[in-house]
There are 2 protein chains.
Amino acid sequence: MVTVHDVAALSGVSIATVSRTLRAPHRVSEQTRDRVLAAVHELGYQPNRAASGLRGGRTGVIGLVVPDIENPYFSSLTKGAQASSRERGYGLVVVDTTERADVESAEVQAVRPQIDGIILASSRLPDEQLAQIAATTTCVLVNRDLGPDAPATPTVTIDERVGARAAVGHLHDLGHRRIAYIGGPARSWSQARRSAAIRDAAQAYADIDLIELSGYAPDAEGGRQAADAALVGRPTAVIAYNDLVALGLLARWTELGVRVPDDVSLLGFDNTYVAQLSFPPLTSVGVDLREFGETAVGLLLDRIAGSTTDAADLNHELEPKLVARASTAAPAAGAGE
Amino acid sequence: MVTVHDVAALSGVSIATVSRTLRAPHRVSEQTRDRVLAAVHELGYQPNRAASGLRGGRTGVIGLVVPDIENPYFSSLTKGAQASSRERGYGLVVVDTTERADVESAEVQAVRPQIDGIILASSRLPDEQLAQIAATTTCVLVNRDLGPDAPATPTVTIDERVGARAAVGHLHDLGHRRIAYIGGPARSWSQARRSAAIRDAAQAYADIDLIELSGYAPDAEGGRQAADAALVGRPTAVIAYNDLVALGLLARWTELGVRVPDDVSLLGFDNTYVAQLSFPPLTSVGVDLREFGETAVGLLLDRIAGSTTDAADLNHELEPKLVARASTAAPAAGAGE
DNA sequence: CTGAAAGCGCTAACAC
DNA sequence: GTGTTAGCGCTTTCAG
């Protein structure tokens, strides 16, 4: 392992100068700088982040905590976060909590000493515990907030109302009037917001009948489970809690001979890459997930860099877009009568 | 931040005893141990891994480098690795190289000082560079080797011959005699092994005609591109390089009115979770990917713990299994004549 | 502009 | 068994 001492020896300066050359180049004469940099290059010197963090307080590493890295939603988000933290010279440690609050809590405690800040995505932690972490750590919340009376914590969320309006509007434009919504887990923060938004969006149209179901697992299996119930009210279009649920619905329907979009239109949420994998490809509403990850990292890093703790732009709400694909079309004439 | 000093003060011992209580409990009297542990608990003390690594040489962190975390293959592998390293008390830092050798090289250099070892999955690095890393770092190679004359490096690979035999045998059992293989990128290490294995497996049957194509991108888009060419020789079954390619084939075929498995059977590789998302669900050949990740971590950690550098069991070759789903069936009577 | 020196939190000799 | 002490590699005063 090559250290500052090696570089110092080779370039004939003290270790302090080596450190300065790297951290504050303007405080070193140009010719020493060149000599040091040459030595750094020649030896392939790599500052030891652990040591530098120990002394300087900053570790150069941030954490990203997700419930399930296997979920395409979070893997795309992670990819964006990774790219953007690398670009800004930070390391990223990713933690998969396997959806468990206890694991999340333990892991956050464990990584805290070695990071400058943390991004908690779709945290499963109860409000008080989350508030406590937010109060003692530089952190950014993704897909989650703490209510108005909680300590000011930056959040990045999705504007569900915009998404719901896009979804419902798209279906209405196509001519759909009976629409079913297959909701996710009853206690989920996102499900609560999403279903409320869809209800509101539907109410804006006097002629839309909305059939609401909920409580399904937010994955393909949940979709399969919901496949029969979804069609009970004879909707001409179904909105699924997310793409995975939509894919489950689609698979089971195809098995049963129900055709999409001929018999029923199908629309997913989140716009994950799996929406493009099926046939027909899924119309889906969501933000660019990599960008989502990048935004969260940007917010956190700005905070760490210590710019203004401007309470004004603490909450970033991203606007989802609808990506129309073949799974939605006009209802068959005479359907849903 | 709470340190050893705080714990020492609260429990009325020296910092050395605190450290000992945590690292070598048997070297401390039972009653002091209890006192220290109580203090640790009360203060919520978390050892600072950076500091401990700096002094002790071991950081308690390992690295996992993957080409693309968004790819279901690697996200499942990562999930397994994460679970197993957590279980053994190690932190895991995941690096996504975005398939670029230069990024991989730079990132490996950057994380090296802060980790005890590294897992390189499907490395894009040229042999010499990889050999150089392997020589200077405790590492484990996944889906890649260095040839027989290279420095001894532990490897976890998939036994492609077993997989190919399972795939071809399954199709032969169903009655298929004309089989097409849609290969991946020409220069890929896995593609080279996989196509050779399939060729060998097919040759074991005198009555099988194998049609080989290759050079397609290893994703759904590659599959869509290959959809027409795949059917040119009128095969009754098609084996795809991986599940993503299979899904691309399936989507495009469905679009064209070609039915799976009625018109043609389809079989994927890797057994990623996306194989269960389509309709029909994909028959696929592969190992349990989480287990794959766990195995790699286990190997690395055994190595770090410093057990025998037994050259004997350096190369772990996992046996893939075929998971039969609805995408494969007997060929239609009179097909492929 | 540069060097000497103090210490970040921790572990591993080495004394007692 | 337990405490004292010397650093790990680095940054950062403080002198010069």
Side-chain angles (χ1 to χ4, degrees), chain A residues 1-37 39-40 43-61 89 91 109-116 304 306, chain B residues 1-37 39-40 43-61 89 91 109-116 304 306:
Chain A
M1 162 167 292
V2 30
T3 76
V4 266
H5 291 96
D6 302 320
V7 178
L10 181 58
S11 48
V13 298
S14 74
I15 59 165
T17 302
V18 173
S19 181
R20 254 186 236 111
T21 308
L22 267 21
R23 302 294 158 195
H26 59 278
R27 311 204 48 181
V28 171
S29 83
E30 187 171 340
Q31 76 176 356
T32 356
R33 188 167 48 209
D34 290 347
R35 218 140 32 90
V36 172
L37 257 22
V40 164
L43 298 172
Y45 169 69
Q46 224 31 63
N48 183 326
R49 265 183 188 154
S52 123
L54 196 54
R55 183 63 239 250
R58 291 178 359 276
T59 63
V61 176
Q109 296 306 332
V111 296
R112 186 141 51 156
Q114 19 272 338
I115 55 176
D116 295 339
I304 289 172
Chain B
M1 161 166 294
V2 29
T3 76
V4 267
H5 291 98
D6 303 320
V7 177
L10 181 59
S11 47
V13 298
S14 75
I15 59 164
T17 302
V18 174
S19 180
R20 254 186 236 112
T21 309
L22 266 21
R23 303 291 159 197
H26 59 278
R27 312 205 48 181
V28 171
S29 81
E30 187 170 343
Q31 76 175 357
T32 15
R33 188 167 47 209
D34 291 347
R35 217 139 33 88
V36 171
L37 257 22
V40 164
L43 298 172
Y45 169 69
Q46 244 357 87
N48 183 325
R49 266 184 187 155
S52 126
L54 197 54
R55 182 62 241 243
R58 289 176 3 274
T59 63
V61 177
Q109 296 304 331
V111 296
R112 183 138 54 153
Q114 18 272 339
I115 57 176
D116 296 339
I304 289 171

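A note on names: the letters A, B, ... follow the listed sequences, proteins ahead of strands, and every chain is numbered from 1. Keep in mind that what you see is a predicted model, and the values were worked out from it rather than measured.
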* Asked: At under 4.0 Å between heavy atoms, what does A:P113 touch on the DNA or RNA strands: base, sugar-phosphate, or nothing?
  -> nothing
* To do: Test A:V61 against A:D116 for side chain to side chain contact (heavy atoms under 4.5 Å, CB included), laying out the working first.
  => CA-CA 6 Å; A:V61 176; A:D116 295 339; 6.0 Å; no
* Structure fact -> When every non-hydrogen atom of B:L10 is compared with those of B:A39, the smallest separation belongs to CD2-CB, 3.7 Å
* Structure fact -> Rounded to whole Å, the CZ-C1' distance (B:R27 to C:dA12) equals 10 Å
* **Euclidean distance, atom CG of residue B:L22 to atom P of C:dC10 [Å, nearest integer]** => 9 Å
* To do: Within residues 50-61 of chain A, find the residues that approach DNA chain C with a heavy atom at under 4.0 Å, and present them sorted by residue number.
  => A:L54, A:R55
* Asked: Given atom CG of B:D34 and atom C1' of D:dG1, what is their separation to the nearest angstrom?
  -> 15 Å
* Structure fact -> Which of B:V28, B:V13, B:T17, B:L22 passes side chain to side chain contact (heavy atoms under 4.5 Å, CB included) with B:R33? Answer is B:V28
* Asked: Rounded to the Å, how far apart are B:H26 NE2 and D:dG1 P?
  -> 10 Å
* Atom CD1 of A:I15 to atom P of C:dG7: distance rounded to whole Å? -> 15 Å
* State whether A:S19 places a side-chain N or O below 4.0 Å from either non-bridging phosphate oxygen (OP1 or OP2) of D:dT11. => yes
* For the pair B:T21 and B:T32, evaluate side chain to side chain contact (heavy atoms under 4.5 Å, CB included) and give the outcome as yes or no after the intermediate values. => CA-CA 8 Å; B:T21 309; B:T32 15; 6.0 Å; no
* Asked: Starting at CG of B:N48 and ending at C1' of D:dG9, how long is that distance when rounded to a whole Å?
  -> 14 Å
* Selection from D:dG3, D:dT11, C:dG3 that lies nearest to any side-chain heavy atom of B:A16 -> D:dG3
* To do: Answer yes or no: are there more than 12 heavy-atom neighbours, outside B:R112 itself, under 6.0 Å from its atom CZ?
  => yes
* **Phosphate contact (C:dG3 OP1 or OP2) by A:T17 side-chain N/O below 4.0 Å** => yes
* Under 4.0 Å: is that the gap between some side-chain N or O of B:S29 and OP1 or OP2 of D:dT2? -> yes
* Separation of B:R35 atom CZ from D:dG3 atom C1', in whole Å? -> 14 Å
* To do: May I ask you to say what B:R20 touches in the nucleic acid, namely base, sugar-phosphate or nothing, with a heavy-atom cut-off under 4.0 Å?
  => base
* To do: Assign A:V18 to base, sugar-phosphate, or nothing according to its heavy-atom contacts below 4.0 angstrom with the strands shown.
  => nothing
* Are A:R23 and D:dT11 close enough that a side-chain N or O sits under 4.0 Å from OP1 or OP2? -> yes
* Report the residue (A:V4 or B:S14) whose heavy-atom-nearest nucleotide on DNA chain D is the more 5′ of the two. => B:S14
* Asked: Judged by atom type as modelled, is there a donor-acceptor pair below 3.5 Å linking the side chain of A:S19 to the main-chain atoms of A:A16?
  -> no
* Asked: Can you check whether B:Q114's main-chain N or O pairs, donor with acceptor, with B:T59's side chain at less than 3.5 Å?
  -> yes
* Asked: Should B:V7 and B:I15 be marked as a side chain to side chain contact (heavy atoms under 4.5 Å, CB included) after you check the CA-CA gap, both sets of side-chain angles, and the distance that decides it?
  -> CA-CA 8 Å; B:V7 177; B:I15 59 164; over 6 Å; no
* Interatomic distance where CD belongs to A:Q114 and P belongs to D:dC10 [whole Å] -> 18 Å
* To do: Can you pull out how bent the helix from C:dC1-D:dG16 to C:dC16-D:dG1 is, comparing the axes over its first five and last five pairs, to 10°?
  => 40°
* Polar side-chain atom of A:R35 near backbone of A:S11 as donor-acceptor pair, under 3.5 Å -> yes
* To do: Please name the pair of heavy atoms, one in B:M1 and one in B:D6, separated by the smallest distance, quoted to 0.1 Å.
  => O-OD2, 3.8 Å
